[in-house]
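Both counts, for ligands and for their atoms, begin at 1 and track the order of listing. Values in this document were obtained by computation on a predicted structure and should not be read as measured data. Heavy-atom basis, side chains included; hydrogens, waters and symmetry copies ignored.
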Amino acid sequence: MSERESHRVAIVTGAGRGIGRAIALSLAADGARLLINYHSNAEAAQLTADQVRQAGGEAVIVRADVGVDADRRRMLDQAGEAFGPVDLLVNNAGMAPKVRADLLEMSEQSFDEVLATNLKGPFMFSQLVSLHMIEHRADFGDRVTPAIINIGSISAYAASVNRGEYCVAKAGIGMMTALFAARLAEHGIQVFEIRPGIIETDMTSGVKEKYDKLILEQGLTPIRRWGRPEDIGRAVAAIAGGAFPFSTGETINVDGGFHLRRL
Ligand code: NAP
């Protein structure tokens, strides 16, 4: 990590568990001050905050639904009150559909719920935090390059017909990354998407056996192992640490090579 980009003030959504927790811990190792957001599992968020402090960071915990405007505003306000202007937003919170229904049977309610959490929330939060970063651009000076990192998915291009609403939301994250990158470059704000493959978390626990076979026996991914939350955490920390000063709008695949076409 470059000295210049250290001690970020970051909001990580959905940081109580899984990938979000690993992102928080990677940032904490570089001395970040973190707003740990969760939705319903307060105990897990508390554990993340404890681990963040042990790792060398600072933490405040905020319960908020990323799909709700007032909650997003409250997160930004509380981060500012605790640590000062926010220079990093990681849009990580996400949900799988509650029911994996075939495309022809999926309910409108599930579509709305998944889109609100996985696309509308991150989009509107990026807009809100962008305005905040532009307002505070002079405060950051040369110390840090403000950035937004979106956690997408291989589902942006791999069609799973039993969770179409999830795929559509993640495809939207791809364009959202391009849009904000193009718009914010003139303000010196970087925007990236990290595109995880199949990562071992609560989200994938229900399909563990299926993917054990596909990955370990059939070689679904050229690198024959499950992804770990830390794999994503390290990629976020690399961006946050200033490893890509002349890049924006990039999608970084952290997927064991899943995206490679093979013959
Ligand atoms: P996870 O273990 O299910 O954790 C989801 C996190 O998001 C939890 O912290 C949860 O909070 C939070 N969350 C859910 N809905 C929320 C809402 N409305 N407002 C605020 N927070 C909310 O999932 P994960 O595997 O770590 O996934 C993290 C991100 O990576 C998601 O965007 C997911 O789509 C993406 N991803 C995951 C995989 C994978 O294989 N696991 C692959 C590609 C992409 P609570 O703890 O309070 O419930």
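Contacts between Thr201 and ligand 1, counted as non-hydrogen atom pairs separated by less than 4.0 Å, involve the side chain only. Contact annotation for Val66 and ligand 1: heavy atoms of both the backbone and the side chain come within less than 4.0 Å of the ligand.
Relative ring orientation between Tyr211 and Trp226 is described as perpendicular, the plane-to-plane angle rising above 60° on a 0-90° scale split at 30° and 60°. By the 30° and 60° cut-offs, the orientation of the rings of Tyr157 relative to Phe258 is tilted.
Short contacts between ligand 1 and Gly16, defined as distances under 4.0 Å to a heavy atom of the residue, involve ligand atoms 9 (O). The Tyr166 neighbourhood of ligand 1 comprises atoms 33 (C), 34 (O), 35 (C), 36 (N), 44 (C), with distances under 4.0 Å to a heavy atom of that residue. Within ligand 1, the atoms closer than 4.0 Å to a non-hydrogen atom of Asp65 are 17 (C), 18 (N), 19 (N), numbered from 1 in the order shown. Numbered from 1 in the order shown, with element, the atoms of ligand 1 that lie under 4.0 Å from a heavy atom of Asp202 read 2 (O). Proximity to Asn41 (heavy-atom distance under 4.0 Å) selects the following atoms of ligand 1: 45 (P), 46 (O), 47 (O).
At least one N or O atom of Ile19 sits closer than 3.5 Å to an N or O atom of ligand 1. Between Ile199 and ligand 1, at least one N/O pair is under 3.5 Å apart. In terms of polar-atom proximity, defined here as any N/O pair under 3.5 Å, Ile154 makes no such contact with ligand 1.
Within the structure, the closest approach of Thr204 to ligand 1 falls below 4.0 Å when heavy atoms are considered. At least one heavy atom of Ala64 sits under 4.0 Å from some atom of ligand 1. Gly197 counts as a contact of ligand 1, since one of its heavy atoms falls under 4.0 Å from the ligand. In this structure, Arg17 has a heavy atom closer than 4.0 Å to ligand 1. Residue contact check for ligand 1: Gly67 places no non-hydrogen atom closer than 4.0 Å to it. The shortest heavy-atom distance from Ala116 to ligand 1 is not under 4.0 Å.
Protein heavy atom at the shortest distance from atom 15 (N) of ligand 1 is Thr117 CG2, 3.7 Å. The protein heavy-atom contact nearest to atom 47 (O) of ligand 1 is Ser40 N, 2.6 Å. The nearest heavy-atom contact from the protein to atom 12 (C) of ligand 1 is Gly14 CA, 3.6 Å. Ranking protein heavy atoms by distance to atom 13 (N) of ligand 1, first place goes to Ala93 CB, 4.0 Å.
Here CG of Leu103 is found 8.5 Å from CD of Glu165. Values are rounded to the nearest 0.5 Å.
We find that Arg228 and Glu230 are not joined by a salt bridge, their nearest charged nitrogen and carboxylate oxygen being 4.0 Å or further apart.
Of the candidates Asn37, Asn92, Val90, it is Asn92 that places a heavy atom closest to atom 28 (C) of ligand 1. The nearest non-hydrogen atom to atom 7 (O) of ligand 1, considering only Gly94, Ser155, Ala15, Ala169, comes from Gly94. When the options Met95, Arg21, His39, Arg63 are ranked by their closest heavy atom to atom 16 (C) of ligand 1, first place goes to His39.
For the side-chain contact (heavy atoms from CB on, under 4.5 Å) test, residues two or more places apart in sequence or in another chain that qualify with Ala28 are Leu34, Val52, Ala55.
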From CA spacing to verdict: side-chain hydrogen bond (donor to acceptor under 3.5 Å, both in side chains), Asp50, Gln54
CA-CA 6 Å; Asp50 292 345; Gln54 279 162 21; over 6 Å; no
Before you tell me yes or no, could you show the steps for Leu47 and Arg21 under side chain to side chain contact (heavy atoms under 4.5 Å, CB included), namely the whole-Å CA-CA distance, both residues' side-chain angles and the distance that decides it to 0.1 Å?
CA-CA 9 Å; Leu47 185 59; Arg21 174 182 284 167; 3.5 Å; yes
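Remark: Arg225 CZ is packed, more than 12 non-hydrogen atoms of other residues, nucleotides or ligands lying under 6.0 Å away.
The two residues Thr48 and Ala24 make their nearest non-hydrogen contact at CG2-CB, 4.0 Å. The two residues Asp202 and Arg17 come nearest to each other via the heavy atoms OD2-NH1, 2.7 Å.
Side-chain N or O atoms of Arg72 include one that pairs as donor or acceptor with a backbone N or O of Val66 at under 3.5 Å.
You'll find the side chain of Leu184 reaches within 4.5 Å of the side chain of Ile134, heavy atoms only. Contact of the Val62 side chain with the Arg74 side chain is registered, since non-hydrogen atoms from C-beta on lie closer than 4.5 Å.
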